[in-house]
Amino acid sequence: PTNTRIAAARLLAEIRGQEALGVLLPLAEKGDYQFRAGALDAIAHCAGDGITSALVGRLKATAAPEVKTDLLLALAKRNDAAARPDVIEAAKDADAGVRAAAITALLSLGRDEAIAPLVELITSEGADAKLAAETLSRIPGDKPLAAAGAALASANAKPKTALLELLAARGAASQKE
């Protein structure tokens, strides 16, 4: 059963740590959704300097959108800023689910550092501008508001609307001018 396989993956990751990557990553890619999610969760919580780079390597190597999405979730759980450039790159993927997972993962890799890529996604008028605006609105403080306000001057109509909605929702009257 899947639960038994997930428990075994967690135990292997706990006992072997980073050494379990050679076994767990290939299995996670070939397994069903539940097993993949469980195995990648176990990997995400492993200690070791090479875990993030191994996850990023798989993210770059795989073509399967569902695997990329789960790898991005695992990278988000690691909270390792070293993955940020690759997560930003994944936000430009052809698959909408991969882009959404990447945009969401950005917050886990540093809220302040996520601001500029999120504003860029909003102003690019891409399909994910709304999700990027919603994600930006979840970052507390004045920095995201200031970045949104600064982007208003050069934004076209659609992104400008998204930025104004974000500012209005946060009550940032000083940024609307």
Side-chain angles (χ1 to χ4, degrees), residues 2-122 124 126-129 131-141 143-144 147:
T2 302
N3 289 343
T4 304
R5 292 172 47 225
I6 292 171
R10 289 186 190 283
L11 186 60
L12 179 62
E14 188 177 314
I15 293 170
R16 302 296 300 239
Q18 189 168 316
E19 292 176 22
L21 284 174
V23 173
L24 291 179
L25 276 176
L27 288 175
E29 284 188 53
K30 293 179 177 132
D32 61 33
Y33 169 76
Q34 282 185 309
F35 178 73
R36 182 173 55 248
L40 288 174
D41 182 65
I43 291 168
H45 291 97
C46 277
D49 295 334
I51 304 287
T52 298
S53 61
L55 290 170
V56 166
R58 289 292 178 158
L59 177 66
K60 291 178 177 180
T62 189
E66 63 278 359
V67 175
K68 284 183 179 184
T69 299
D70 290 340
L71 286 164
L72 286 162
L73 294 173
L75 286 166
K77 288 177 186 176
R78 288 199 58 77
N79 297 319
D80 187 345
R84 187 179 306 112
D86 300 292
V87 172
I88 291 170
E89 188 61 32
K92 301 170 188 166
D93 194 88
D95 184 80
V98 172
R99 293 191 311 269
I103 290 168
T104 303
L106 279 173
L107 289 184
S108 299
L109 306 177
R111 290 179 173 181
D112 286 349
E113 293 81 4
I115 293 171
L118 290 171
V119 169
E120 183 179 328
L121 286 167
I122 295 166
S124 70
D128 302 303
L131 176 60
E134 290 169 359
T135 304
L136 184 64
S137 73
R138 292 196 308 261
I139 300 174
K143 288 181 182 179

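This chain uses plain numbering: 1 for the first residue, then up along the sequence.
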N-O pairing of D112 and K143 below 4.0 Å: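 A salt bridge links D112 with K143.
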
Determine, for R58 against E29, whether the closest basic-nitrogen to carboxylate-oxygen distance falls under 4.0 angstrom.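 Yes, R58 and E29 are salt-bridged.
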
Considering residues, nucleotides and ligands other than [X], do more than 12 of their heavy atoms fall under 6.0 Å from its [atom1]?
X	atom1	value
D49	CG	no
R84	CZ	yes
E113	CD	yes
R5	CZ	yes
Q18	CD	yes

Check I103, T104, L59, D86 against L72 for a side-chain contact (heavy atoms from CB on, under 4.5 Å) and give me the one that passes.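 With L72 as partner, side-chain contact (heavy atoms from CB on, under 4.5 Å) holds for just one option, L59.
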
Could you walk me through whether V56 and L71 pass the side-chain contact (heavy atoms from CB on, under 4.5 Å) test, one step at a time? CA-CA 8 Å; V56 166; L71 286 164; over 6 Å; no

Taking the side chain as everything from C-beta on, heavy atoms only, tell me whether [X] gets closer than 4.5 Å to [Y].
X	Y	result
L75	D80	no
H45	R78	no
I15	L12	no
L40	L24	no

side-chain contact (heavy atoms from CB on, under 4.5 Å) assessment of L73 paired with D70: CA-CA 5 Å; L73 294 173; D70 290 340; 4.0 Å; yes

For the residue pair [X] and [Y], what are the closest heavy atoms and their distance?
X	Y	answer
I88	P117	CD1-CG, 3.6 Å
K77	A44	CB-CB, 3.9 Å
F35	A9	CE1-CB, 4.1 Å
P26	V23	CD-O, 3.5 Å
G38	I6	CA-CG2, 3.9 Å
V119	A147	CG2-CB, 3.9 Å

Nearest-0.5 Å distance that lies between atom OG1 in T2 and atom CZ in R36: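 The CZ atom of R36 is 12.0 Å from OG1 of T2, to the nearest 0.5 Å.
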
Rounded to the nearest 0.5 Å, what separation is found between the CG atom of L121 and the OG1 atom of T135?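 If we round to the nearest 0.5 Å, L121:CG and T135:OG1 are 9.0 Å apart.
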
Just by modelled atom types, is the D93 backbone N or O under 3.5 Å from a matching donor or acceptor in the R99 side chain?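 Checked: pair present.
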
Begin with the C-alpha distance, continue with both residues' side-chain angles, and end with the deciding distance and a verdict on side-chain contact (heavy atoms from CB on, under 4.5 Å) for R10 and D41. CA-CA 8 Å; R10 289 186 190 283; D41 182 65; 2.7 Å; yes

Quick one, L25 with L55, criterion side-chain contact (heavy atoms from CB on, under 4.5 Å). Give me CA distance, side-chain angles, the key distance, then yes/no. CA-CA 8 Å; L25 276 176; L55 290 170; 3.9 Å; yes

